[in-house]
Structures are given as structure tokens and as C-alpha cells.
Amino acid sequence: MPMLQISQLKFVLQRPVICFLFVASWTPYGVMALIGAFGDKRLLTPGITMIPACCCKLVACIDPWIYAISHPKYRLELMKKLPWLAIHEKEISDTASVSSEVTQTSQNPPQTTTTT
């Protein structure tokens with residue numbers, strides 16, 4: 001499978017995880033808000049109301065780690081700095097993006113206009 005397809009697949013699989021974490025973290029907060037608005041307010045003690053708030057904040061801290069771990073250059077640096085994590089990442093060359101840019105510009109040469 002080409003490298004581009006693998007990276008696109010990782011990108012596509014990453015989105016549902018982020019969406020699931022968002023829904024899973026904000027649902028308790030939404031339930032608590034609905035109980036506060038329409039339900040028995042005696043159920044909402046200060047300790048109970050802190051649990052959904054901490055869940056929301058926890059996911060806000062986890063999301064950047066999901067993005068970082070799924071980024072190949074970040075994993076490559078982790079492999080170099082922390083070899084005991086047993087991350088096996090291949091070296092990434094930056095020439096792929098440069099060559100595609102050069103190819104694109106060479107196929108469409110700039111047009112010159114003369115004014116008289």
C-alpha cells in the first residue's frame with residue numbers, strides 16, 4: 001500500500017476517535033446541566049458536579065496527544081529521544097513534498113504578457 005494511502009487511512013481513522021472522545025466527555029456534562037435545569041437539583045452536589053467538568057478538561061488534554069502520536073515526525077523524534085518506548089518508525093524524507101511542488105510548477109510555466 002503506498003505511503004500516501006496509509007497516511008490518509010490514519011487520518012480517516014483518527015477523526016472518529018476524536019469525535020467519540022468529544023461525545024463521551026461532554027455527555028455527562030450535558031446530563032448534569034439538564035438535571036440542573038429540569039430535574040431534581042438536590043442530586044447535584046459539588047463533588048458530583050466536578051466529575052463531568054474534569055472529564056471535559058481531561059479530553060481537552062488528551063486530544064493533542066492523539067494528534068501528536070499519529071504524526072510520523074513526532075513518532076520519529078520519540079524513537080530518537082526515548083528508545084525504551086520501542087517505537088519503530090521509518091525515516092521520512094522531506095523531498096516528496098518538494099518534488100511534487102516542483103513538478104506542479106514545471107507543468108504550468110508562467111505566462112508572460114507584453115504591454116505596448
Side-chain angles (χ1 to χ4, degrees):
M1 187 176 276
M3 186 64 169
L4 183 62
Q5 289 179 352
I6 292 172
S7 65
Q8 288 174 347
L9 180 64
K10 287 180 183 180
F11 181 77
V12 168
L13 293 176
Q14 180 182 9
R15 299 298 166 223
V17 171
I18 297 294
C19 291
F20 171 76
L21 286 174
F22 178 83
V23 170
S25 68
W26 283 96
T27 299
Y29 193 82
V31 169
M32 182 193 63
L34 289 173
I35 290 172
F38 304 113
D40 187 9
K41 292 181 177 82
R42 291 177 291 157
L43 295 173
L44 302 176
T45 64
I48 295 296
T49 58
M50 285 303 297
I51 293 170
C54 289
C55 287
C56 296
K57 292 176 183 174
L58 176 69
V59 169
C61 296
I62 291 174
D63 283 347
W65 285 96
I66 292 173
Y67 288 120
I69 290 172
S70 65
H71 196 275
K73 288 184 181 180
Y74 182 79
R75 287 194 313 265
L76 186 64
E77 284 302 313
L78 277 179
M79 183 180 72
K80 290 177 185 175
K81 303 281 185 197
L82 306 170
W84 50 268
L85 282 178
I87 299 173
H88 303 291
E89 189 70 27
K90 295 179 183 175
E91 289 287 334
I92 301 170
S93 70
D94 291 333
T95 59
S97 62
V98 173
S99 65
S100 63
E101 185 176 315
V102 169
T103 304
Q104 183 181 12
T105 57
S106 65
Q107 289 176 351
N108 300 327
Q111 297 179 1
T112 58
T113 59
T114 58
T115 58
T116 56

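- Closest approach of S25 to C56, counting heavy atoms only: O-SG, 3.4 Å.
- In this structure, L85 and M79 have side chains that are not in contact, with every pair of non-hydrogen atoms separated by 4.5 Å or more.
- Considering CG of L58 and CD1 of I51, their distance stands at 13.0 Å, rounded to 0.5 Å.
- Both Y74 and L82 are assigned to one and the same hydrophobic cluster, defined by single-linkage of ILVMFWY side chains at heavy-atom distances under 4.5 Å.
- Criterion: ILVMFWY side-chain heavy atoms under 4.5 Å apart, direct or through other members. Under it, L34 and L44 are not part of a common hydrophobic cluster.
- Using a 4.5 Å heavy-atom cutoff, the side chains of T45 and T49 are not in contact.
- M32 and I48 fall into different hydrophobic clusters, where Ile, Leu, Val, Met, Phe, Trp and Tyr residues are linked whenever their side-chain heavy atoms come under 4.5 Å apart, directly or through other members.
- With values rounded to the nearest 0.5 angstrom, H71 atom NE2 is found 11.5 Å from E77 atom CD.
- Minimum interatomic distance between P16 and L13 (heavy atoms only, all atoms of both residues): CD-O, 3.3 Å.
- Interatomic distance, D63 CG to Q14 CD, rounded to the nearest 0.5 Å: 9.5 Å.
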From CA spacing to verdict: side-chain contact (heavy atoms from CB on, under 4.5 Å), D40, I35 | CA-CA 6 Å; D40 187 9; I35 290 172; 5.6 Å; no
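- Listed by chain and residue number, nothing satisfies the side-chain contact (heavy atoms from CB on, under 4.5 Å) test with K41 (two or more places apart in sequence, or in another chain).
- In this structure, V59 is not a member of the same hydrophobic cluster as V23, with clusters built from ILVMFWY side-chain heavy atoms closer than 4.5 Å.
- Using bins of under 30°, 30° to 60° and over 60° for the plane-to-plane angle, the ring pair Y29/W26 lands in the perpendicular bin.
- The side-chain heavy atoms of I18 and I66, taken from C-beta on, include a pair separated by under 4.5 Å.
- Enclosure of atom CZ in R15 by more than 12 non-hydrogen atoms of other residues, nucleotides or ligands within 6.0 angstrom is indicated.
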